[in-house]
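See structure below.
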Amino acid sequence: MGKKLSGKDLIKLGFPKNNSINVTLGHINRYHKRIKKEQILTEAKKVLLNPENYKGDGVWGKVAESLLSPVEVKRHALKTTRSPFAIYGENEIDDQAKYQLYDALKLPVAVAGALMPDAHTGYGLPIGGVLATQDAVIPYGVGVDIGCRMCLTIYPIPVSFLKGKKHQLENILAEHTKFGMYETHKIKHDHEVFERGEFTTIPFVKRLKDKAYKQLGTSGGGNHFVEFGEVTITDVDNAWDLPVGSYIGLLSHSGSRGLGANIAKHYTYLATKQCPLPKHVQQLAWLDINTHDGQEYWLAMNLAGDYAKACHDDIHRRIGKLLGSRPVAKIENHHNFAWKQEVNGEECIVHRKGATPAAKGELGIIPGSMTAPGFIVRGLGNEASLQSASHGAGRVLSRRKCKETLTRSEVKKELKAHEVTLIGGGIDEAPMAYKDIHKVMANQQELVEVLGTFTPKIVRMDT
DNA sequence: ATGTCC
């Protein structure tokens with residue numbers, strides 16, 4: 001066993017006395033724990049002599065960058081004024097969430113922001129917060145569940161089946177969806193997402209591939225669900241030329257499972273290390289999009305987003321097969337993600353943390369609660385909202401408050417009144433935990449138009 | 001949200 005590699009070894013090798021030493025040590029710590037010291041030093045020497053050759057390299061790219069353009073890590077000061085912003089449904093939003101947005105708007109990289117009518121307090125950026133930045137991506141501006149999304153499939157099946165075939169539908173959800181931290185499908189399906197290069201070129205992501213494969217098509221926990229319900233198309237001019245009327249729909253809500261959670265955690269850690277901020281906004285640490293880490297996060301984030309979609313694909317494919325019906329429409333959208341988007345004529349990075357993209361003509365689905373309809377929407381491209389809308393009704397009771405104040409029988413009664421069957425589901429996801437979706441929709445009429453509704457009837461959640 | 005501590 002050789003001695004642990006230290007900064008002195010690198011200086012002896014000829015490394016300049018700037019941040020490249022720290023970057024290299026941190027890097028070796030992460031990726032080379034099991035490799036012999038001599039071998040690492042040989043490689044490090046090669047990078048030191050020809051850093052240009054290692055630019056963009058998954059393993060040594062970051063070290064090369066620190067040699068080519070060393071940076072001083074300095075504390076960023078906040079601006080004294082806020083970038084422009086808009087708040088929708090202001091009276092329904094708690095002050096804490098607004099203060100969180102105000103803080104974010106003072107970041108030197110902030111360009112504009114918005115708060116959706118379902119907003120509430122979160123880590124860093126509030127849930128329901130939208131933030132446009134210049135050349136910077138904030139991992140906590142995307143959130144822990146990268147690519148968390150909605151997917152609605154509409155089937156040409158008579159809605160009477162929701163009652164007539166209730167037990168079969170219940171059985172499909174009970175047997176063919178997987179919830180909780182550990183449950184996975186016994187029969188694995190493959191998906192093209194696993195052929196993606198990021199799984200081999202980004203060493204950190206490579207380690208997550210096996211688990212991602214195991215978790216494909218699982219839903220996880222928290223507020224995630226898979227449910228059957230009644231779709232009502234109300235707009236004649238809908239996107240699918242569907243006759244106005246009722247259909248059976250399958251709606252799922254889930255994200256990128258362990259893959260996204262680990263990516264979020266890793267890059268948040270890196271951002272915090274290299275972007276020191278005043279303590280109360282430290283969680284808004286960003287990665288410069290033109291650095292190795294920034295580029296890597298962008299790729300990893302997009303991979304997690306595509307993986308989240310793959311999970312919904314898998315869920316809907318499994319269930320569609322059991323239903324034996326061909327879908328007539330499918331609507332899906334992320335609501336925890338960052339996009340490149342033009343804001344005031346400048347290309348920006350727009351973070352939506354619990355907000356639905358609502359560019360002009362863009363389709364999306366905004367869920368209500370177990371006992372309240374969700375809405376199929378078409379974006380109006382409202383610039384003040386940065387082309388966004390709410391991602392649901394938003395919580396009115398915290399999880400803790402639910403456990404303190406609500407009873408099982410109360411929830412049962414509420415479900416019965418709305419003829420909703422629930423499989424699983426904790427008290428903290430009770431319908432009463434959510435704001436009135438109708439009020440939320442009324443507060444965002446400038447942001448989206450409604451094409452139809454989805455009313456849940458058989459709901460499956462984690463226990 | 002998540003093998004719920006990098």
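For A/His253 and A/His335, the gap between ring centers is short of 6.0 Å.
Residue A/Glu183 contributes atom CD, which lies 13 Å from atom P of B/dG3 at whole-angstrom precision. In this structure, the NE2 atom of A/His266 is 16 Å from the C1' atom of B/dC5, given to the nearest Å. Atoms OH (A/Tyr123) and P (B/dC5) sit 9 Å apart, rounded to a whole Å. The CG atom of A/Leu208 sits 11 Å away from the P atom of B/dG3 (whole-angstrom rounding). Atom CD in A/Gln215 sits roughly 8 Å away from atom P in B/dT2 (whole-Å rounding). Distance A/Asn336 CG to B/dT2 C1': 13 Å, rounded to the nearest Å. The interatomic distance linking A/His224 (NE2) with B/dT4 (P) rounds to 17 Å, in whole Å. The nearest whole Å value for the distance from the CZ atom in A/Phe179 to the P atom in B/dT2 is 10 Å.
With sequence neighbours left out, the side-chain hydrogen bond (donor to acceptor under 3.5 Å, both in side chains) criterion links A/Thr453 to no other residue.
Backbone-only contact: A/Gly220 has heavy atoms under 4.0 Å from sugar-phosphate atoms and none from a base. Residue contacts for A/Gly221: at a heavy-atom cut-off of 4.0 Å it reaches the sugar-phosphate backbone alone, with no base atom in range. Among the protein residues, A/Lys265 comes within range of the sugar-phosphate backbone only, with heavy atoms under 4.0 Å from sugar or phosphate atoms but none that close to a base.
Side-chain N/O atoms of A/Asp145 and A/His224 include a donor and acceptor closer than 3.5 Å.
In the set B/dT2, B/dC6, B/dG3, B/dT2 carries the atom at the smallest distance from any side-chain atom of A/Ala261.
Within the structure, every pair that satisfies the ring pair (Phe, Tyr, Trp, His ring centres under 6.0 Å) test and touches residues 283-304 of chain A, not counting sequence neighbours, is listed here: A/His76-A/Trp286, A/Tyr267-A/Tyr297.
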